[in-house]
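In listed order, ligands and their atoms are each counted from 1. All values reported here derive from a predicted model rather than from experimental measurement.
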Amino acid sequence: MGFTGVPGHEFVGSVTDGPDEWRGKRVVGEINFGCGRCENCQRDLSRHCPNRSVMGIVNADGAFAEYLSLPVANLHTVPENVSDEEAVFTEPLAAAFEILTQIQLDPGDDVLVLGDGKLGNLCAQVLRLTGAKITALGKHADKLALIRKSSVRTILLNDWQPRLFDVVVEATGSASGLELALSAVRPRGTLILKSTIAGNHEISLATIVINEINVIGSRCGPFADALDALSARRVSVTPLIEQVYSLADGVEALQHAARAGARKILLRP
Ligand SMILES: [Zn+2]
């Protein structure tokens, strides 16, 4: 997004200033700040406000700091039994829950999650809650092992034998995933795109037309669902944490996070 400013949009913090009823509360916050006036905002779709700022991404400073500010309307109280380390996963976990606001999954539905990174892991865990049959496909044996702990079947990309699924979730974070994802959707099935990949794809759309495939873009999601799932221990996120750095070592932390295969790196001010 060509952003300049303080990055970071996954956080937990304590309210130090603001309305009395919020002071001292441990909170997480939704990252899209809508204008509150436009048609989308009026329809409760401020996440799609054309004039929005987005914390750490568009026109608003983010969370790699001792303090940050955001609209009260964006705050959610963190349940007491959810640790700080778990609470920072609320935003990406909510993004995984967004899928369930967009499609109906039934027990027995055959679902493929493409990608074994953080987002793929969270999507697999969330979709499993529906009783659907989830298979995760990825390149990394160690990351797939992590996903398997959540009773999700996994396949290493090298062992992949093409077959068709009712729903395919593309969460690889890479351009190459798209073609494989499309090839694994059954006729009249659904392809969900979770990766926000900058740049252009060259892909034939004929398959989508011929097989009458539903393609759904999916981004930010409901924080309340994510916090409920964390509180009820229905998902497990702390195994995704690789290391915690102090904010003072933030540059080193970002370098670590950029390493191929790195799991979540946290900063503690
Ligand atoms: Zn608006």
Review point. What salt bridge (Lys or Arg N to Asp or Glu O under 4.0 Å) pairs are there with at least one residue in residues 149-163, not counting sequence neighbours?
Key: D110-R153, D110-R163
Review point. Considering residues, nucleotides and ligands other than E21, do more than 12 of their heavy atoms fall under 6.0 Å from its CD?
Key: yes
Review point. Mind checking who shares a hydrophobic cluster with L164, ILVMFWY linked at side-chain heavy-atom distances under 4.5 Å?
Key: none
Practice item. Verify, without hydrogens or angle tests, whether R23 (side chain) and G18 (backbone) share a donor-acceptor contact under 3.5 angstrom. Key: yes
Point to revise | Under 2.8 Å from the Zn ion (ligand 1) - protein N/O/S, by chain and number | key: C35 SG, C38 SG, C41 SG, C49 SG
Practice item. Check whether more than 12 heavy atoms from other residues, nucleotides or ligands sit under 6.0 Å from atom CD of E179, and answer yes or no. Key: no
Review point. What pairs with H48 under ring pair (Phe, Tyr, Trp, His ring centres under 6.0 Å), at least two apart in sequence or on another chain?
Key: none
